[in-house]
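First comes the structure, then the notes that go with it.
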Amino acid sequence: MSTNNPAVQDFWDDLRKTTQARIGLGRAGNALPTRQVLELAAAHAAARDAVHVPLDTEKLAAEIRDIGIGEPIVVTSRATSRDEYLRRPDLGRTPAADMDVPESGADIGFVLADGLSPTALSHHGAGLLTELVARLADRHTLAPPVIATQARVALGDHIAAQMRCRTVLVIIGERPGLSVADSLGIYLTHLPMPGRTDADRNCISNIHPPDGLGYAEAARIAAGLVDGALALGRSGVDLKDTSRTAALGPSGATELE
C-alpha cells in the first residue's frame with residue numbers, strides 16, 4: 001500500500017486516530033518503512049518487559065496504603081518463579097502453602113494481582129483501587145487490600161474464601177499486546193470459593209487511561225455489577241452489565257433526547 005499520495009495519507013492519518021491498531025503503515029520497496037519497523041520492535045520489547053519485569057510490591061503497597069481501607073497484605077501463588085508461572089498456569093491459581101490472610105467478613109475484598117502484566121498493575125493499580133473504594137465504601141464494608149504475585153484470577157477465590165468476603169474484585173494485569181502493554185482487568189466473583197470457574201465471574205477489561213477505559217468508568221461498571229450480583233444472588237453468565245443501556249428509552253434513544 002502506498003501512502004505517498006497526500007490524499008491517501010490524509011485518509012489514513014484521520015482513520016489512525018480512531019484505533020491503536022497499526023493501519024496504513026505504507027511501504028518502502030517490498031518492506032515496511034524503517035520507522036514502522038522500529039516502532040513494532042519497540043512495542044514487542046515493551047510487551048515482553050510487561051510480562052517479565054517483577055512487580056515492586058513495596059512501592060504498590062505504599063501507594064494503596066493511603067487509600068484508607070487497611071494495611072496491604074502481600075501473598076504469592078505456588079509458582080516459585082516467573083518461568084514456572086508462565087509454564088504452569090495451574091500453580092498460579094492456587095496459594096502458596098504458607099499463605100496467611102486474616103478473616104475480615106467484609107462485603108467486598110480486593111486482590112491486586114500481577115497477572116501477565118505486572119507493569120499494568122504498577123501503572124494503574126492504585127488509581128483504579130482509589131476509584132473503586134470511592135464508589136463502594138459508602139454502601140459496603142471493605143476488606144484490607146491483598147497484593148498477589150505470580151497470580152492468576154482464580155487465586156482470588158482462595159484469598160477471598162479465607163478472608164470470608166462476600167464478593168471479590170480481582171484487579172489483574174492483562175496479557176500485553178503490540179498495541180497495549182499495560183492494560184488491567186477486573187474480575188468480579190460473588191460468593192467466591194475454590195473451584196469457581198470463569199462462568200462464575202464477570203470481567204471488565206481494557207482499563208488503561210487515557211486510551212482505554214478510565215478508572216471512574218470502570219469503577220461505575222463494577223459497582224453496578226456488585227449491585228446486580230447481590231440482587232441475583234450470583235455472578236457470571238447470568239449477570240449482565242446494563243450500565244450502558246440504563247439511560248436508553250424503548251426506541252434506543254437516550255432519555256435526554
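Each of Thr76, Thr94, Val75 was scored for a side chain to side chain contact (heavy atoms under 4.5 Å, CB included) with Met99, with one residue passing: Val75.
Qualifying side-chain contact (heavy atoms from CB on, under 4.5 Å) partners for Ala143, counting only residues two or more places apart in sequence or in other chains: Ser104, Ala106, Met163, Cys165. With sequence neighbours excluded, no residue forms a side-chain contact (heavy atoms from CB on, under 4.5 Å) with Ala231. Residues that satisfy the side-chain contact (heavy atoms from CB on, under 4.5 Å) test with Ala50, not counting sequence neighbours, are Ser117, Thr119, Pro176, Ala181. Scanning for ring pair (Phe, Tyr, Trp, His ring centres under 6.0 Å) contacts around His123 gives an empty result, with sequence neighbours left out. For Asn206, the side chain to side chain donor-acceptor pair (under 3.5 Å) partners two or more places apart in sequence, or in a different chain, are His208.
Applying the side chain to side chain donor-acceptor pair (under 3.5 Å) test to residues at least two apart or on different chains, the pairs with a partner in residues 131-148 are Asp107-Thr141, Arg139-Asp227, His140-Arg166. Each salt bridge (charged side-chain N to carboxylate O under 4.0 Å, His left out) pair with one or both residues in residues 38-54, not counting sequence neighbours, appears once here: Arg35-Glu39. Pairs engaging residues 158-206 under the ring-ring contact (aromatic ring centres under 6.0 Å, His included) rule: none recorded [sequence neighbours left out].
The hydrophobic cluster around Leu40 extends to Leu178, counting ILVMFWY residues whose side-chain heavy atoms fall within less than 4.5 Å of a member. Summarising the hydrophobic clusters (Ile, Leu, Val, Met, Phe, Trp, Tyr; side-chain heavy atoms under 4.5 Å, direct or chained), the residues clustered with Tyr85 are Val51, Leu86, Leu116. Residues near Leu191 contribute nothing to a hydrophobic cluster around it, because no ILVMFWY side-chain heavy atom sits closer than 4.5 Å to its side chain. Other cluster members for Leu91: none, since no ILVMFWY side-chain heavy atom sits under 4.5 Å from it.
A distance of 9.0 Å separates OG1 of Thr130 from CG of Asp66, quoted to the nearest 0.5 Å. Atom NE2 of His124 and atom OG of Ser183 lie 7.5 Å apart (nearest 0.5 Å). Going from atom NZ of Lys59 over to atom CD1 of Ile147 covers 11.0 Å, rounded to the nearest 0.5 Å.
Between the side chain of Gln162 and the backbone N or O of Val101, at least one donor-acceptor pair lies under 3.5 Å. Under a 3.5 Å cut-off, the side chain of Asp114 and the backbone N or O of Gln150 do form a donor-acceptor pair. Listed for the Asp200 side chain is no donor-acceptor partner under 3.5 Å among the backbone atoms of Gly236.
Residues Leu112 and Leu128 form no side-chain contact, since every pair of their non-hydrogen atoms from C-beta on lies 4.5 Å or further apart. Side-chain contact check for Pro102 versus Ile73: some heavy-atom pair is nearer than 4.5 Å.
Cluster annotation: Ile207 is connected to Leu188 through the hydrophobic network of ILVMFWY side chains, with a link wherever side-chain heavy atoms come within less than 4.5 Å. A chain of hydrophobic side-chain contacts below 4.5 Å, direct or via other Ile, Leu, Val, Met, Phe, Trp or Tyr residues, connects Leu129 to Val226.
For the 3.5 Å distance criterion, the side chains of Thr189 and Arg201 qualify, holding a donor opposite an acceptor.
A salt bridge links Asp238 with Arg234: the distance from a Lys NZ or Arg NE/NH1/NH2 to an Asp or Glu carboxylate oxygen falls below 4.0 Å.
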- Evaluate the salt bridge (Lys or Arg N to Asp or Glu O under 4.0 Å) criterion for residues Arg152 and Asp157: first the C-alpha distance (whole Å), next the side-chain angles of each, then the deciding distance (0.1 Å), finally the verdict. CA-CA 10 Å; Arg152 304 276 176 172; Asp157 295 331; over 6 Å; no
